[in-house]
Amino acid sequence: MREGEWRTKGHAKRLRSEMTEAEIVLWTFLRGRRLDGFKFRRQHPIGSYIADFACVSEKLIVEVDGATHWTEEQVAYDQRRTEVLDVKVGACCV
């Protein structure tokens, strides 16, 4: 396990138990391969980031951003996260 990875996994576990209402609604459609048979993971750690939802086989990441993501600081963080994930896994961030 890489340095700091245990923190990310622990944080992801906490986020799974504290999902937002929007995440819960979306998860009802993604879980159990309900979307055309694609397997999605929720609060999936990728490096030092945690993707809200990820379909690993398709390299697809879905982020559910609410009101807290509209601050200037959060927008900058989200842009950096997208850049890193694009390079790290060749993912398509939605």
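The figures here come from the full heavy-atom set of this structure, side chains too, leaving out hydrogens, waters and symmetry mates.
A distance of 8.0 Å separates CZ of Phe40 from CG of Leu26, quoted to the nearest 0.5 Å. Note: Arg81 CZ to Ser48 OG = 11.0 Å, rounded to the nearest 0.5 Å. For the atom pair Arg41 CZ and Lys39 NZ, the distance stands at 6.0 Å (nearest 0.5 Å). In this structure, Tyr49 OH and Asp78 CG are separated by 9.5 Å, a value rounded to the nearest 0.5 Å.
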Full working for side chain to side chain contact (heavy atoms under 4.5 Å, CB included) between Glu18 and Arg14: CA-CA 6 Å; Glu18 300 174 1; Arg14 184 178 59 78; 2.8 Å; yes
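Considering all non-hydrogen atoms of both residues, Glu23 and Val64 come closest at CG-CB, 4.0 Å. Closest approach of Arg31 and Arg34 over heavy atoms only: O-CG, 3.0 Å. Of all heavy-atom pairs spanning Ala51 and Glu63, the tightest one is CA-OE2, 3.1 Å.
In this structure a side-chain-to-backbone donor-acceptor pair under 3.5 Å is missing from Arg33 to Phe38.
In the hydrophobic clustering of this structure, Leu15 does not group with Met19; members are Ile, Leu, Val, Met, Phe, Trp, Tyr whose side-chain heavy atoms approach within less than 4.5 Å, directly or through other members. Under the 4.5 Å side-chain contact rule for hydrophobic residues, Leu30 and Val25 do not share a cluster. Under a hydrophobic-cluster definition in which Ile, Leu, Val, Met, Phe, Trp and Tyr are linked whenever side-chain heavy atoms come within less than 4.5 Å, directly or via other members, Tyr77 and Ile50 are assigned to different clusters.
Applying the side-chain contact (heavy atoms from CB on, under 4.5 Å) test between His44 and each of Ile61, Asp52, Val56 identifies Val56 as the sole match.
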